[in-house]
Amino acid sequence: MSAPKEVAGYKLGKLIIEGKTKQVFDLPDVPNQCMLINKDRITAGDGVKAHDMEGKAAISNQTNAKVFNILNSAGIKTAFVKMVSPTAFISKKCEMVPIEWVTRRLATGSFLKRNPGVPEGFRFTPPKQETFFKDDANHDPQWSEEQIVSAKFKFNGLVIGQDEVDYMRKVTILVFEVLEKAWALRDCALIDMKIEFGVDQEGNILLADVIDSDSWRLWPSGDKRLMVDKQVYRNLATVTAADLDTVKRNFAWVKDQLDHLLPTVHHKVVVFMGSPADTEHCQKIAKAARELGLDVDLRITSAHKATEETLRIMKQYEDTNNALVFIAVAGRSNGLGPVLSGNTSYPVINCPPPSDKLVQDIWSSLSVPSGLGCATVIYPDSAALMAAQIIGLKDYIIWARIRSKQLEMAAALRKADNKLQNLTV
Ligand SMILES: Nc1ncnc2c1ncn2[C@@H]1O[C@H](COP(=O)(O)OP(=O)(O)O)[C@@H](O)[C@H]1O
Ligand SMILES: [Mg+2]
């Protein structure tokens, strides 16, 4: 494959690396980013089996872009920036961790050979996570975490130790669970998949490389006979033009299905405040909620002073067919939350504003009449999080945003602790 000089208006620099299915180019005008160009090439068995397949580069490129757009909106830190041509995309330039991170929901393929006695279809809960060292010549040997840590890899200044391995393992499982939920929307079972990580110029670990039909086993209706992934190609003893057409048709089908994998539920979180004096507290709720991907409205209305209007505003939201969560912010005696709760079948969360008298005022939120089920929290972040958990029941992107945030918070604590230990030693 000859090297192009320019793609989609981007000047290409030197070829950083060329693998079995992609070329990676420097972008002299875009610091810290690179361009990955897919090849019309399909390979299996560490490259032993390989065929040209016209149109494969474009299908892979679009599949990858759609998958990474889902993962980016799920809050997962990835290297993917954007698709720039039918066969090319831009990524943050990484030094790659030479490990394949595999997650399995059902036992099949090489797992059965390495674990005799386990029947095909054995279900792993939680998903099984395995790691393989990327080394075609030695058929990508399985590596333990201890082997990865002991290798003392260093990429862009970051040493890959236990914390980094823990982080990548957790992200690997999250990526699998997000895509498993996504594919479930099309009644497809994600059986297993592999991903790779890189370290960007600033030393951040990012999900990198690509995810396409070469990355997973995907069984429509959970039926192995209907498989639409690269296993179809791997299984071919001889490869005819008609066989390659079937494989390509499967890949194209998967690429098209990806357009239907975003949640279809529309939601709205409505923060009602009893007085404009509560605006600051409500803005904090809205900010935390929006960071979790929620669509938020703020409304001022007093259930004590303008009951009919409060109910009318609430009914307007109820008439929209959205998944709804109401958050009630009222100082002193909270009439707002309980009145909303007594008149709707949607969840209501009380989040009274800070006050010297909060301990006595809180009872108006807690001791509600029979027939009411509103919850009460006192921190803006908690109200936002609880709303996200409710919406996340029906929207896997919001669910994933919560998981991503938890994962990043835990990683930040590890980093802070390491820093402290290094200071005090
Ligand atoms: N964001 C990135 N920055 C730098 N290199 C990358 C990035 N994403 C993927 N790569 C590397 O690009 C190379 C080419 O990809 P590929 O053809 O799939 O190679 P392989 O045959 O080794 O799997 C791989 O070595 C991969 O690790
Ligand atoms: Mg590869």
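Order of listing sets the numbers, starting from 1, for every ligand and every atom in it.
Residue T21 places at least one N or O, backbone or side chain, under 3.5 Å from an N or O of ligand 1.
For atom 20 (P) of ligand 1, the closest non-hydrogen atom of the protein is K20 NZ, 3.7 Å. Counting protein heavy atoms only, atom 23 (O) of ligand 1 is closest to K134 NZ, 3.0 Å. Summary of contacts: the protein heavy atom closest to atom 4 (C) of ligand 1 is C94 O, 3.2 Å. At the shortest separation from atom 13 (C) of ligand 1 among protein heavy atoms lies I17 CG2, 3.7 Å. In this structure, the protein non-hydrogen atom closest to atom 9 (C) of ligand 1 is D209 OD1, 3.2 Å.
The contact set between ligand 1 and S91, taken as ligand atoms under 4.0 Å from a residue heavy atom, comprises 1 (N). Taking every heavy atom of L36 and a limit of under 4.0 angstrom, the matching atoms of ligand 1 come to 8 (N), 9 (C). Of all atoms in ligand 1, listed by their number and element, those nearer than 4.0 Å to a heavy atom of K92 are 1 (N), 2 (C), 3 (N). Counting the atoms of ligand 1 from 1 in the order shown, those under 4.0 Å from a heavy atom of C34 are 3 (N). Close approach to V24 involves these atoms of ligand 1, each under 4.0 Å from a residue heavy atom: 12 (O). Atom numbering of ligand 1 starts at 1 in the shown order; those under 4.0 Å from a heavy atom of K22 are 14 (C), 15 (O), 16 (P), 17 (O), 18 (O). Within the listing of ligand 1, atoms 27 (O) sit less than 4.0 angstrom from a heavy atom of E196.
The number of heavy-atom neighbours closer than 6.0 Å to CG of N321, taken from other residues, nucleotides and ligands shown, is 12 or below. At most 12 non-hydrogen atoms from other residues, nucleotides or ligands lie less than 6.0 angstrom from CZ of R225.
Taking every heavy atom of both residues into account, M193 and I211 meet most closely at CE-CG2, 3.8 Å.
A cation-pi arrangement is absent between K194 and W216 under the rule of less than 6.0 angstrom and at most 45 degrees off the ring axis.
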